[in-house]
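The sequence lines fix the lettering, A, B, ..., with proteins before strands; numbering per chain opens at 1.
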2 protein chains.
Amino acid sequence: MARQNKSRYAILGVLSLGPMSGYDVRKTIERSLANFWSESYGQIYPILRQLVQEGLATCALEHQEGRPDRRVYEITDAGREELRRWLLDPAEHDVGRVEILLKLFLAWQTPVENGLEKARDHRELHLRLLERYAEIERWLHEHQSTHPGLPYWLATLSYGRHVSRALVEWCDETIRTLEGMRSGRSEAEVES
Amino acid sequence: MARQNKSRYAILGVLSLGPMSGYDVRKTIERSLANFWSESYGQIYPILRQLVQEGLATCALEHQEGRPDRRVYEITDAGREELRRWLLDPAEHDVGRVEILLKLFLAWQTPVENGLEKARDHRELHLRLLERYAEIERWLHEHQSTHPGLPYWLATLSYGRHVSRALVEWCDETIRTLEGMRSGRSEAEVES
DNA sequence: TAGATATATATCAGGGAGATATATGATGGC
DNA sequence: GCCATCATATATCTCCCTGATATATATCTA
């Protein structure tokens, strides 16, 4: 059985924020969903055409001076209904792939310093993310203070902050553990 | 440019734990990496053949009574070297897709109760995960107490615990926020 | 004036997941 | 005793999805 196409709903969701072109859909996702979602053009353009075919969106060609023509897509009532149905469905949890954990799981085959490097890099990454979340939050309070979506948007930001704070702590813990092992020697070093 | 094939390294990594069949590779991943990695047969079988072709693994046919023949794959020295090289490379961070956040981001278009349900479900999910992590930790201490990989394996478990604990807190926070909004009415309810 | 960046649409190769097909033995419930 | 289910074992297919690339043109910048 074909598993369901989530890009469809992500794109429909973005169209629910206002009429826009495929290019705008991409930009919107990069600007507002980038911390937990992404879509590529390879999905966006074919799906937009499909949505029109299914009556979930309409398409209007807009001529522009100097720039390529825009195909402006607009969600229909049927599209809003389809989106709402999906929003009410329980969210599926996707474990995904965490490359740093795969590398760490196998890292006993390498010098301890390798694991330490991974943990330090990861710590930096989440500190940067925390800064980004803070910036976005400031921007939201300044520019979207009256939008009914604000509490939900802040909640998605808070998710990221909770995760990143927890992972900075995890990195600290892991660095302490590995530093405690550095005095001895790893398997890899004993071999060589 | 073709992005690199991570399944290759995951499978090579599993083979570094001991010789095994494609079926065993799958089982091993499900038993020990399932919390942060997955591989499907659609990847495993073709990649194993490819690894043999590249000299990173060898294959021996094992006849069995009553059961299908086993193709037992074993990592070579070249394979270990290739794996080690990858383990030393910095880990890439993949944002991935978090469906619950996409739904929550758009949830202002639905009744508040919908967001609450999502948050409550998510809370349950992470409480279950925390129990699973505790079980695995007990098992590791009992059965792998002397393996040089133990500190690393415990670190990957700790990662999961940190994330899940943080997300249970996030759910509590989100539930409090949404419950505070329930007294009023959502956009969707005002419309109808 | 050359190069980067933005606007705009479109497609392809490859990575990857999940389902399914095929065969057989063991296990367990009714 | 029979049926269902699960474990062993290999293999393949469809669909989803990403990242790269192609193609134009306008503006901005060094």
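- B:Y133 is linked by a ring-ring contact (aromatic ring centres under 6.0 Å, His included) to nothing, counting only residues two or more places apart in sequence or in another chain.
- Shown here are the ring-ring contact (aromatic ring centres under 6.0 Å, His included) partners of A:Y159, two or more places apart in sequence or in another chain: B:W170.
- In this structure, the side chain to side chain contact (heavy atoms under 4.5 Å, CB included) partners of A:P19, at least two apart in sequence or on a different chain, are A:V72, A:E74.
- Rounded to whole Å, the distance from CD on A:E92 to C1' on C:dG18 is 12 Å.
- Partners of B:R128 by side-chain hydrogen bond (donor to acceptor under 3.5 Å, both in side chains), not counting sequence neighbours: none found.
- Considering only the side chain of B:N5, C:dG15 comes nearest among D:dC17, D:dT18, C:dG15.
- A:R97 comes within 4.0 angstrom of the backbone, heavy atoms only, and of no base.
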Can you tabulate the close N/O pairs, meaning under 3.5 Å, that link protein atoms to atoms of nucleotides 9-11 of chain D?
unit_1, atom_1, unit_2, atom_2, d
D:dA9, OP1, B:Q64, OE1, 3.1
D:dA9, OP1, B:Q64, NE2, 2.7
D:dA9, OP2, B:R70, NH1, 3.0
D:dA9, O3', B:D69, O, 3.3
D:dT10, OP1, B:R71, N, 2.5
D:dT10, OP2, B:G22, N, 3.4
D:dT10, OP2, B:Y23, N, 3.2
D:dT10, OP2, B:Y45, OH, 3.3

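- Taking atom CD of residue B:E39 and atom P of nucleotide C:dG18, one finds them 11 Å apart after rounding to whole Å.
- Taking A:D89 as the reference, B:K103 meet the side chain to side chain contact (heavy atoms under 4.5 Å, CB included) condition, with sequence neighbours excluded.
- Within the 4.0 Å cut-off from OP1 or OP2 of D:dG19, not a single side-chain nitrogen or oxygen of A:S40 is found.
- Considering only residues two or more places apart in sequence or on other chains, B:Y9 meets the side-chain hydrogen bond (donor to acceptor under 3.5 Å, both in side chains) condition with B:E82.
- Summary for the helix from C:dT1-D:dA30 to C:dC30-D:dG1: the axes at its two ends, each from 5 pairs, differ by 40° when rounded to the nearest 10 degrees.
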Table please: side-chain donor-acceptor pairs of residues 143-150 of chain B below 3.5 Å, with sequence neighbours left out.
unit_1, atom_1, unit_2, atom_2, d
B:H143, ND1, B:W139, O, 3.2
B:H143, ND1, B:W139, NE1, 3.3
B:H147, ND1, B:G149, N, 2.8

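- Residue-level contact check: A:R26 touches neither bases nor backbone, having no heavy atom under 4.0 Å from any strand.
- Formation of a donor-acceptor pair under 3.5 Å by the B:R97 side chain with backbone atoms of A:S38 is found in this model.
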